[in-house]
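Report on the following structure.
Start at 1 and go down the list; that is how both ligands and their atoms are numbered.
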Amino acid sequence: MYKISIQKEQVSTHNTMCIDASETPLQAIKAMFLCVKKNKALEKNNKQKTIKMSTIPWQERPENSNDVMWRYSENPIIDRYAIPSSNSVFNSAVVPFGDGFAGVFRCDNKAVQMNIFAGFSKNGIDWEINHEPIVMQAGNTDMIESAYKYDPRVVFIEDRYWITWCNGYNGPTIGIGYTFDFKEFFQCENAYLPFNRNGVLFPQKINGKYAMLSRPSDNGHTPFGDIWISYSPDMKYWGEHRLVMKPTPFEDSAWQCTKIGAGPIPILTNEGWLMIYHGVINTCNGFRYAMGAALLEVDAPDKVKYRTQPYLLGPAELYEQVGDVPNVVFPCAALHDIKEDKLAVYYGAADTVVAIAFGKLSEVIQFTKDNSL
Ligand code: BMA
């Protein structure tokens with residue numbers, strides 16, 4: 001065994017590759033090269049953090065609206081044919097990056113194969129999406145099989161951007177990966193057994209552990225689904241699974257009576273974790289997806305303090321009602337500015353395009369408290 005002395009914290013998720021697996025001198029040299037490269041990326045990333053963050057996309061509430069959340073007037077912001085190969089671009093995630101924003105986009109191609117693509121934007125509205133999908137290298141595992149990837153979420157934790165997505169490995173489960181620069185990507189162990197979807201990480205450790213919401217499901221169009229939370233010491237082994245919330249009784253709040261799933265990365269507020277989620281009702285014409293919010297206890301996010309009885313945003317505009325799958329509002333990301341009291345939620349519309357909805361953070365929180373189930 002060839003040991004390499006590199007600070008453990010600096011390469012924590014590369015441990016398997018950098019230290020334990022160095023059986024030959026060649027492997028050891030390769031591993032060292034990788035670690036040095038990673039540390040350079042880390043330094044660069046730390047420098048980026050000192051750059052002033054760009055302002056998030058924003059538009060005031062229209063004068064004729066009393067809604068707690070309202071749509072961007074130029075929606076949809078990303079067209080289905082945004083890249084040459086795409087049939088649709090939807091259910092995508094964005095995050096502040098450098099002096100602008102980066103994102104991971106779900107682009108289904110014209111064979112309707114699902115994959116994730118990196119993209120960049122100065123203002124969070126106009127996006128340049130790479131024409132080639134993300135290529136993963138091995139992160140904390142050698143097994144990076146993936147028949148398909150869809151519905152990504154992205155979050156910055158500690159020193160890197162973590163990505164979760166629905167990963168095809170003998171059925172859908174939760175894939176995890178990370179990047180320092182949105183150029184090189186590393187795939188880790190899947191979090192759970194199939195079948196699972198909507199894996200959403202918290203932006204910081206809770207009681208010393210990484211925390212992730214997810215939605216155990218089936219191998220098809222799942223006619224059920226609760227939100228669960230699980231914890232991990234190392235982003236590899238997940239356990240301490242706890243139920244967070246279930247669909248509601250039909251008579252209480254029918255828009256979320258069939259299944260629910262976490263959406264954007266939860267936001268830490270004075271009233272707890274603001275978790276925006278999707279809720280589904282099964283109708284004569286199939287599933288209808290709308291968006292609601294809940295407030296979870298800060299140190300025990302399996303405890304729901306409040307949860308909206310009415311939805312915050314449901315499919316009502318043409319681009320939400322008409323597309324490859326009609327009547328879908330599917331939030332996967334949010335940018336927020338606590339000081340400015342602003343929230344911008346990115347959602348997939350009708351499984352075809354990407355759109356944005358705005359709200360005042362304080363009003364969304366108050367609405368959630370005042371209209372709780
Ligand atoms: C879910 C997922 C989402 C999709 C939604 C509506 O099961 O597949 O990607 O947006 O259905 O079709």
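Residue contacts with ligand 1, taken as heavy atom pairs separated by less than 4.0 Å, involve N91 solely via side-chain atoms from C-beta onward. The residue F287 has no part lying near ligand 1, judged by heavy-atom distances below 4.0 Å. Contact annotation for R106 and ligand 1: only side-chain heavy atoms (C-beta onward) come within less than 4.0 Å of the ligand.
At the shortest separation from atom 7 (O) of ligand 1 among protein heavy atoms lies Y289 OH, 3.5 Å. For atom 8 (O) of ligand 1, the closest non-hydrogen atom of the protein is Y150 CE1, 3.9 Å. Closest protein heavy atom to atom 2 (C) of ligand 1: D151 OD2, 3.7 Å. Regarding atom 10 (O) of ligand 1, its nearest protein heavy-atom neighbour is D351 OD1, 2.6 Å.
Between the side chain of K149 and the backbone N or O of W165, no donor-acceptor pair lies under 3.5 Å. With hydrogens and angles ignored, the 3.5 Å screen pairs no side-chain donor or acceptor of T173 with any backbone N or O of N167.
Outside the 6.0 Å centre-distance limit, the rings of F202 and Y210 are not counted as a close aromatic pair. If you look at F97 and F182, their ring centroids are closer than 6.0 Å. In this structure, the ring of F330 has its center no less than 6.0 angstrom from the ring center of Y347.
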Worked check of side chain to side chain contact (heavy atoms under 4.5 Å, CB included) between L312 and V68: CA-CA 7 Å; L312 292 173; V68 66; 3.5 Å; yes
